[in-house]
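Counting starts at 1 for both ligands and their atoms, following the listed order. This structure is a prediction, so every number in the text was calculated from the model and none was measured.
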Amino acid sequence: MEKRGVIDTWIDKHRSIYTAATRHAFVVSIRDGSVDLSSFRTWLGQDYLFVRRFVPFVASVLIRACKDSGESSDMEVVLGGIASLNDEIEWFKREGSKWDVDFSTVVPQRANQEYGRFLEDLMSSEVKYPVIMTAFWAIEAVYQESFAHCLEDGNKTPVELTGACHRWGNDGFKQYCSSVKNIAERCLENASGEVLGEAEDVLVRVLELEVAFWEMSRGGQ
Ligand SMILES: Cc1ncc(CO)c(N)n1
């Protein structure tokens, strides 16, 4: 059994934005098969650009895990994340040719740019380790929860989209998210009130940015 910690308390407190991020109309439309394929293509192109900016962020999380954590296993968890990002970029490229999305011509939309700036701000050495880990967990968990929903019983997810859903909805990714959550929880247990406040704010901000990212995708283009 997983212990209930402060992150679960925050999710309860911010339930409506959490649900907005993890059960967005775009994700629900994948699950019920009504998804507009131009939206999916928009999402694909934008998320490819997002992931390219996410890589240096995760690299900075790795460095912080080496420097700031007393637990040697933190580094191993984050390193696993970096390894899967390597596969992910390859997957995006294959998917780009499958859907005829030429990434070299995709321009980041506003929601994507804002998310990228947020990631860059988190890379500052001023940001405390528990805050970074909370953000990192939230970013990964939204995709895990969203895409796992598209694979749950009763789904009508179009077969050509199940690859995307498996990428983040598989059990290994769920385990990985749970390991990151445990790291964040462990750090938050010893954090000051000030750091706890910052971590809660960052969690809510990630959820808002994720909602905006889905909205942008659903808008198509
Ligand atoms: C917008 C967004 N959030 C999270 C992830 C990964 O978890 C992703 N690939 N894209």
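Tyr176 and Asn170 share no donor-acceptor pair across their side chains, judged by distance under 3.5 Å alone. Side-chain atoms of Glu215 and His24 include a donor-acceptor pair closer than 3.5 Å.
Gln175 CD: 12 or fewer foreign heavy atoms inside a 6.0 Å radius.
Looking at Thr42, its side chain does come within 3.5 Å of a backbone N or O of Ser38 through a donor-acceptor pair.
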Could you tell me, for ligand 1, which of its N or O atoms are under 3.5 Å from any protein N or O, listing the pairs and their distances rounded to 0.1 Å?
unit_1, atom_1, unit_2, atom_2, d
ligand 1, 3 (N), Glu210, OE1, 3.3
ligand 1, 3 (N), Glu210, OE2, 2.6
ligand 1, 7 (O), Ile139, O, 3.3
ligand 1, 7 (O), Glu140, OE1, 2.6
ligand 1, 9 (N), Asp47, OD2, 2.9
ligand 1, 10 (N), Asp47, OD1, 2.7
ligand 1, 10 (N), Asp47, OD2, 3.4
ligand 1, 10 (N), Tyr143, OH, 3.2

Test ring pair (Phe, Tyr, Trp, His ring centres under 6.0 Å) applied to Trp214 and Tyr143, step by step: CA-CA 11 Å; Trp214 294 132; Tyr143 263 43; 5.1 Å; yes

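Using a 4.5 Å cut-off on side-chain heavy atoms (C-beta onward), Phe136 and Val78 make contact.
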